[in-house]
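All residue numbers refer to positions in the sequence shown, counting from 1.
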Amino acid sequence: MHDAGTTGTAPAGATPTGTAPTGTAPTGTAPTGTAPRGTGDLRSRMLEAAEDLLEESADNDVSTRAVCEAVGVKQPVLYRLFGDKNGLLMALVAHGFERYIDRKRALAVTADPVADLRAGWDDHMVFALTNRALYRLMFSPVLPEVPEPATRIFDMLKQTLDRCAAAGALRIPTEQAAQAILAANVGVTLSMLSQPDRFADPALSTRVRDAVFASCLNESAAAPAPEEDRLASAARQLEAQLKQRPGPLGEAETALLLVWLNTLQQSPAS
């Protein structure tokens with residue numbers, strides 16, 4: 001779920017549920033097929049050097065000269081490949097998001113979309129705590145623009161939420177749920193990274209996750225939604241199923257039905 005993805009020193013012992021014990025960093029599994037560092041083309045090696053220097057930096061900054069020295073080239077080479085320092089950092093952000101997406105694609109897809117959503121949230125924390133400086137850069141609010149891969153992360157989250165809707169487990173529209181979950185996941189992660197003393201509780205991520213999921217999801221059949229919410233829930237479920245498996249209706253009829261279903265989700269029952 002991201003997983004959702006933005007800062008300071010990582011908190012000592014801050015780990016998501018089900019990962020390493022307090023006082024150790026989570027071990028997240030790197031995507032298969034990842035080449036050893038320093039073995040790619042020049043552009044890849046410069047990005048790897050920039051990331052390494054960023055992780056080692058005390059002020060979360062990196063100089064272009066240090067990057068060039070690390071790979072044995074002159075600064076004009078960096079300017080030719082990236083334009084300037086901002087271009088280098090934006091390329092590093094995009095590279096980080098691509099790695100994040102690779103992790104998400106490697107996660108198991110099970111018959112339980114809510115469990116998959118929970119695993120995505122926890123994997124988001126693992127990625128952040130094993131790539132602290134890169135994560136802070138990726139989700140920095142001062143970035144001049146949001147790279148395209150960040151949009152794909154949001155879309156991947158919505159796909160999992162659509163599966164939840166098709167199973168009748170989503171209380172609110174997919175777009176609203178995706179916004180709430182990703183914002184909360186990124187927010188709690190950055191809080192733990194930037195203010196480790198204040199947000200030192202290793203169970204904080206789990207509590208925030210469960211609270212946000214409770215507002216978006218209906219995980220328990222023993223606690224049905226209130227009567228006024230059932231029509232909207234049924235509309236969401238049918239909408240998600242139609243998107244996954246189009247029925248016998250024609251294209252125009254399906255489009256009209258989807259409009260009606262969306263209206264039912266937005267309007268409270270009278």
Practice item. Under the side-chain contact (heavy atoms from CB on, under 4.5 Å) rule, what do Leu54 and Leu89 come out as? Steps first, then yes or no, please. Key: CA-CA 10 Å; Leu54 192 64; Leu89 293 178; 5.5 Å; no

Check your understanding: Yes or no on side-chain contact (heavy atoms from CB on, under 4.5 Å) for Arg163 and Asp116, after CA distance, side-chain angles and deciding distance?
Key -> CA-CA 10 Å; Arg163 292 173 53 221; Asp116 293 348; 3.0 Å; yes

Practice item. May I have the step-by-step check of salt bridge (charged side-chain N to carboxylate O under 4.0 Å, His left out) for Arg99 and Glu51, ending in yes or no? Key: CA-CA 13 Å; Arg99 281 170 45 194; Glu51 182 180 351; 2.6 Å; yes

Practice item. Start with the C-alpha gap between Met138 and Phe127, add the side-chain angles, then the distance that decides, and say whether side-chain contact (heavy atoms from CB on, under 4.5 Å) holds. Key: CA-CA 12 Å; Met138 288 167 57; Phe127 178 87; 3.7 Å; yes

Practice item. Carefully, step by step, assess Leu264 and Arg236 under the rule side-chain contact (heavy atoms from CB on, under 4.5 Å). Key: CA-CA 9 Å; Leu264 289 171; Arg236 276 190 294 276; over 6 Å; no

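Residues Val146 and Leu92 do not share a hydrophobic cluster, clusters being chains of Ile/Leu/Val/Met/Phe/Trp/Tyr side chains in contact below 4.5 Å. Cluster membership check: Leu242 shares its hydrophobic cluster with Trp260, using side-chain heavy-atom separations under 4.5 Å among Ile, Leu, Val, Met, Phe, Trp and Tyr. There is no path of hydrophobic side-chain contacts, each under 4.5 Å, that joins Val109 to Leu107.
Annotation: side chain of Val126 is not in contact with side chain of Asp122 (no heavy-atom distance under 4.5 Å). Asn262 is not listed as a side-chain neighbour of Leu258, based on a closest heavy-atom distance of 4.5 Å or more. Asp210 places none of its side-chain heavy atoms less than 4.5 Å from the side chain of Arg207. Here the side chains of Gln159 and Phe154 are not in contact, with every heavy-atom distance at 4.5 Å or above. Two residues are said to be in side-chain contact when any heavy atoms from C-beta on lie closer than 4.5 Å; Met156 and Ile101 meet this criterion. Leu47 is listed as a side-chain neighbour of Leu88, based on a closest heavy-atom distance under 4.5 Å. Residues Leu134 and Val93 fail the side-chain proximity criterion, which asks for heavy atoms closer than 4.5 Å. No side-chain heavy atom of Arg198 sits less than 4.5 Å from a side-chain heavy atom of Ser191.
Val208 and Ala184 make their closest contact through CG1-CB, 4.2 Å (heavy atoms, listed as atom of the first residue, atom of the second, distance). The two atoms that bring Leu157 and Ala178 nearest to each other are CD2-O, 3.5 Å, heavy atoms only. The shortest non-hydrogen separation linking Arg171 to Leu217 is NE-O, 2.8 Å. Across all non-hydrogen atoms, the minimal contact from Pro149 to Ala94 is CG-O, 4.2 Å. Between Leu170 and Cys216, the closest heavy-atom pair is CD1-O, 3.5 Å.
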Less than 3.5 Å apart, which donor and acceptor atoms pair up between the side chains of residues 75-83 and the rest of the protein, not counting sequence neighbours?
from	atom 1	to	atom 2	distance (Å)
Gln75	OE1	Thr64	OG1	2.8
Gln75	OE1	Tyr79	OH	3.1

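With rounding to the nearest 0.5 Å, the separation of CD in Glu98 from CD1 in Ile153 is 9.0 Å. Rounding to the nearest 0.5 Å places CG of Leu193 at 7.0 Å from OH of Tyr135. Note that OG1 of Thr160 is 6.5 Å distant from CG of Leu117, once rounded to the nearest 0.5 Å. Taken from CG in Asn185 to CH2 in Trp121, the straight-line distance is 4.5 Å, to the nearest 0.5 Å. The CG atom of Leu256 lies 9.5 Å from the CG atom of Leu249; values are rounded to the nearest 0.5 Å.
Not one N or O on the side chain of Ser57 forms a donor-acceptor pair closer than 3.5 Å with the backbone of Leu53. Side-chain atoms of Lys85 come within 3.5 Å of backbone atoms of Val62 as a donor-acceptor pair (strictly under, hydrogens ignored). Not a single donor-acceptor pair under 3.5 Å links the side chain of Asn218 to the backbone N or O of Ala169. Formation of a donor-acceptor pair under 3.5 Å by the Asp41 side chain with backbone atoms of Ser44 is found in this model. Judged purely by atom type and a 3.5 angstrom limit, Glu253 uses its side chain to pair as donor or acceptor with the backbone of Gly250. Judged by distance alone, with hydrogens and angles left aside, the side-chain atoms of Ser215 form a donor-acceptor pair with the main-chain N or O of Val212 at under 3.5 Å. Remark: the backbone N or O of Ala119 is not paired with any side-chain donor or acceptor of Asp123 at under 3.5 angstrom.
Salt bridge status for Arg132 with Glu55: absent, with no side-chain N to carboxylate O gap under 4.0 Å. Salt-bridge annotation for Arg43 and Glu48: absent, with no side-chain N of the basic residue lying under 4.0 Å from a carboxylate O of the acidic one.
Here Glu148 pairs with Arg152 under the salt bridge (charged side-chain N to carboxylate O under 4.0 Å, His left out) rule; sequence neighbours left out.
For CZ of Arg65, the number of neighbouring non-hydrogen atoms (other residues, nucleotides, ligands) closer than 6.0 Å is 12 at most.
A donor-acceptor pair shorter than 3.5 Å can be found between the side chains of Thr174 and Asp162.
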